[in-house]
Structure formats: C-alpha cells, structure tokens
Amino acid sequence: MAEPTQRTRTEDSPPAEDGRQQALAALVLPSPDTLTEEQLRGATCVWDSTTLTPETAIDLGPRRDGPYQWFPRACRVCVTTRSLAALYDHVDKCETCRGSAGALCPDGRPLYRLSIHGGR
Ligand SMILES: [Zn+2]
Ligand SMILES: [Zn+2]
C-alpha cells in the first residue's frame with residue numbers, strides 16, 4: 001500500500017565494495033620473503049599467522065612480487081588494526097580529512113569503514 005520510501009540518497013562516492021578493495025590493497029604487507037608457505041597460500045594470516053577459515057579470512061587482493069603473484073589473506077583483528085593505523089597515517093597527511101570535522105575524503109572513508117567493520 002505505501003509507496004516505497006527507500007530513497008536514501010547516497011553521496012557521490014564510489015560503491016563500498018570498490019573502496020573496500022582499494023583500501024585493502026593499500027595496506028602494507030610484510031615482505032613475502034619473510035612469510036611461511038601457509039601465509040603465502042593464504043591459509044594463515046599474513047601478519048600474525050592465525051589459522052584462517054572461510055568465515056574469518058579476509059582477502060587482501062592479489063599482490064605482485066617481481067614475477068610472482070600471491071594472494072594474501074588476513075584475520076579480521078589484523079585488518080582492523082592495520083586499517084586503523086593506515087587511517088591515522090592518512091589523516092595525518094591529508095588536509096581534507098584533517099580540516100573538516102568528521103568528514104573524510106574518498107581515500108580516508110574506505111579505511112575508516114574497514115577499521116570499523118574489519119573488512120566486512
Ligand atoms: Zn591476523
Ligand atoms: Zn583524506
């Protein structure tokens with residue numbers, strides 16, 4: 001009976017998924033040389049070696065190391081910590097994020113979201 005009221009206006013930002021992949025791809029990883037075979041395979045977290053399950057693993061996107069491509073994955077705790085660190089780092093250098101109270105730039109926003117939701 002009622003007309004659809006789902007007219008939530010999304011601000012002109014890229015879709016959440018894009019921003020999320022971008023933010024994940026921007027996280028700095030340990031050098032593949034220092035990682036175990038499990039970490040390189042994505043069986044354990046690249047940062048703290050936590051064993052990952054399909055439910056807990058967060059895909060960090062394909063990475064390239066010279067001729068090799070690898071597919072790191074991480075646990076939610078690490079993604080949260082790392083993205084928060086990356087966000088602080090970004091805000092520190094970004095005039096837009098520092099200037100406007102609470103409003104983050106298109107680069108800062110995905111990091112913020114990631115740090116809250118742990119990539120989900
Ligand atoms: Zn971890
Ligand atoms: Zn910014």
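All ligand and atom numbering here is 1-based and tracks the order in the structure.
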Apex the Zn ion (ligand 2) - arms SG from C105 and SG from C97 - angle rounded to 10°
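Value returned, to the nearest 10°, is 110°.
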Decide yes or no for [X] and [Y]: does some side-chain heavy atom of the first lie under 4.5 Å from some side-chain heavy atom of the second?
X: Y68; Y: P32; answer: no
X: L52; Y: I58; answer: no
X: L29; Y: Q39; answer: no

Determine which of the N, O or S atoms in D48 is closest to the Zn ion (ligand 1) and give its atom name.
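This turns out to be OD1.
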For T53 and T56, what are the C-alpha separation, side-chain angles and deciding distance, and is it a side-chain hydrogen bond (donor to acceptor under 3.5 Å, both in side chains)?
CA-CA 5 Å; T53 67; T56 60; 3.2 Å; yes
About how large, to 10 degrees, is the angle SG of C75, then the Zn ion (ligand 1), then SG of C45?
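The two atoms form an angle at the metal of about 120°.
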